[in-house]
Amino acid sequence: MPVDVVVMAAGKGTRMKSRVPKVLQRLAGVPLVQHVLNTAAQLHARSAVVITGHGADQVEPLLLAPGQVLAVQCVRQNPQLGTGHAVQQAVPALGDDGIVVILSGDVPLTQADTLQALIAQCGGDKLALLTIDFADPTGYGRIVRGGGGQGDAVQAIVEQKDASEAQRQIKEVYSGIMAVPAKLLKAWLGRLDNQNAQGEYYLTDVVKFAVADGVSVVAHKITDALQVAGINSPVQLAELERAHQLRQAHHLMEQGLRLKDPARFDLRGQIDCAQDVEIDVNCVFEGQVSLGEGVQIGAHCVIANCRIEAGAVIHPFTHIDGEKLGVTVGEGALIGPFARLRPGAQLGAEVHIGNFVEVKNSTMAMGAKANHLAYLGDATVGERVNYGAGSITANYDGANKHRTVIEADVHIGSNCVLVAPVTIGAGGTVGGGSTITKSTEPGALSVARGKQVSIANWARPQKKPKA
Ligand code: UD1
Ligand code: CA
């Protein structure tokens, strides 16, 4: 049977104390509700219906963005009269022939295999609930079993505020996630009322309708609390972030990655590591990052959208962000400390980039070096070029960007300005302090600065005596 996903995301999230709707808060760099949709996509769901309400104007553009992983329909719930009322809003958008998986937009780390197992338990004719035992079940809906000669079959979910003292002792709770045949769900939703302690339409009341209709209710109980953890406050968001990061770190270490401290590692995207990669503490990785064999990353680096080839060493405090254009660091290159590689930096093998050097939209061929305090923007740099301290490409004339070409084996002295468009011919030398506005011939020495003047025995001015 086809699977349709309903994501409840209308709630206010008061405890976040934020102008950003709760489901747009980020975990591992990704909005909470996007985690849920990514998981739904792994189920090969036919459709996703997201119930929006609070902050809908901010939430819906993300859900409906081109390239979204699933075909999403947004349905608004205003006012919010409870989880049952929320799912009622989705009814017109749901086919009768599917299994509906109900998720919450603020529960980001449920795994697809868990939901597959839940769907299998539903089997197209049963109500399947995802449950878990909590030592402290306070606040959750309790799974009431047994009674009526049914052994330990599930009889009802009783909400905290409606539960008797005896029911409050029950440790098994409803996670907020269920799989249910659409046809049955629709019929049951039509029978909900709000005669309860909170005056809300409880989705969880469908359990008693199932029991009354003789439909089996099955609980799929898991032990992994992270998968059902919801986020209501900044503290919970941070706790889940750390737990998730630690889990990612352990997963990568099982594949051979060496992390100096898995508790001080942050991955907000995808990382792909070859053998013998070492990462020191407090590094953040974003977007798509690939690290070749033996790559070493020093402490406190932020690295995004970049490919670092085998044997390269990134020294501490380096910032690399390829954004859309990407960054490539060639084999055996040495980068940093305190280097900045921006989009379109394509560095060949054995390139050296030292401290306080910025490279943007430039290629540097094998063995080229810029070791101190320099800027290379929109430049094509040949093999073995040595680019002196304090030198820059003046690539922007205030309206347009222009290219600087520095051919192989050129030596650029310190504190030079190369005013683009300009080409420095192969093997040439530019004297320190030069402002180069015209292209130079291969092999030439070019100096473009005021001639030095020295005045012999010059008397420095004296301070006047006080009156
Ligand atoms: C619900 C369950 C409870 C379960 C708990 C797990 C009900 C009645 N109770 O509790 O059994 O143990 O989840 O966390 O379902 N939402 C809407 N519209 C509404 C109300 C809620 O979209 O009118 C959304 C919220 O934004 C949230 C989700 O539904 O994403 C769950 O709501 P929440 O208030 O957190 O659940 P509880 O009622 O506490
Ligand atoms: Ca509630």
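Read the numbers this way: they start at 1 and go in the same order the structure lists the ligands and their atoms.
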> Would you say G105 has any N or O atom under 3.5 Å from an N or O of ligand 1, going by distance alone?
Replying inline: no
> Near D106, which atoms of ligand 1 are under 4.0 Å from a heavy atom of that residue?
Replying inline: 27 (C), 30 (O)
>> Is it the case that ligand 1 has an N or O less than 3.5 angstrom from some N or O of A10?
In response: yes
> Which atoms of ligand 1 are found less than 4.0 Å from any heavy atom of T204?
Replying inline: 7 (C), 8 (C), 9 (N), 11 (O), 15 (O)
> Numbering the atoms of ligand 1 from 1, which are under 4.0 Å from a heavy atom of Y202?
Replying inline: 8 (C)
>> Any salt bridge linking K183 with D96? Criterion: basic side-chain nitrogen under 4.0 Å from a carboxylate oxygen.
In response: no
> Nearest non-hydrogen atom to atom 29 (O) of ligand 1 belongs to which of M8, E200, Q88?
Replying inline: M8
> Under 4.0 Å from any heavy atom of G141, which atoms of ligand 1 are there?
Replying inline: 3 (C), 4 (C), 11 (O), 12 (O)
> Which part of Q77 is near ligand 1, with near meaning a heavy atom under 4.0 Å away: side chain, backbone, both or neither?
Replying inline: side chain
> Side chain, backbone, both or neither: which part of V107 comes within less than 4.0 Å of ligand 1 when only heavy atoms are counted?
Replying inline: neither
>> Between D272 and R307, does any side-chain N to carboxylate O distance fall below 4.0 Å?
In response: no
> Are side-chain heavy atoms of L24 and V59 found at a separation under 4.5 Å?
Replying inline: yes
>> Just to be sure I read this right, does ligand 1 sit under 4.0 Å from the backbone of K12, its side chain, both, or neither, counting only heavy atoms?
In response: neither
> Is K401 positioned over the aromatic face of Y396, cation under 6.0 angstrom from the ring centre and no more than 45 degrees off axis?
Replying inline: yes
>> Could you measure the distance from the CE atom of M253 to the NE2 atom of H251? Nearest 0.5 Å is fine.
In response: 11.5 Å
> With sequence neighbours left out, what residues match D378 under salt bridge (Lys or Arg N to Asp or Glu O under 4.0 Å)?
Replying inline: K360
> For ligand 1, which atoms have a heavy atom of T83 less than 4.0 angstrom away?
Replying inline: 7 (C), 8 (C), 15 (O), 20 (C), 21 (C), 29 (O), 31 (C), 32 (O)
> Can you tell me if G53 has a non-hydrogen atom under 4.0 Å from ligand 1?
Replying inline: no
> Heavy atom of V173 under 4.0 Å from ligand 1?
Replying inline: no
> Got a second to check how far S233's OG is from M16's CE, nearest 0.5 Å?
Replying inline: 7.0 Å
>> Can you tell me if M366 has over 12 outside heavy atoms packed within less than 6.0 Å of its CE?
In response: no
>> Checking the N or O distance criterion of under 3.5 Å, is ligand 1 in contact with N232?
In response: no
> Does S175 have a heavy atom less than 4.0 Å from any atom of ligand 1?
Replying inline: yes
>> For K12, is the NZ atom crowded, meaning more than 12 foreign heavy atoms sit under 6.0 Å from it?
In response: no
>> Against ligand 1, does I51 come closer than 4.0 Å with any heavy atom?
In response: no
> Out of G82, G176, A86, G230, whose heavy atom is nearest to atom 20 (C) of ligand 1?
Replying inline: G82
> Does R242 pair with D266 as a salt bridge, N-O distance under 4.0 Å?
Replying inline: yes
>> Does anything in residues 338-375 form a ring-ring contact (aromatic ring centres under 6.0 Å, His included)? List the pairs, not counting sequence neighbours.
In response: F317-F338, F338-F356
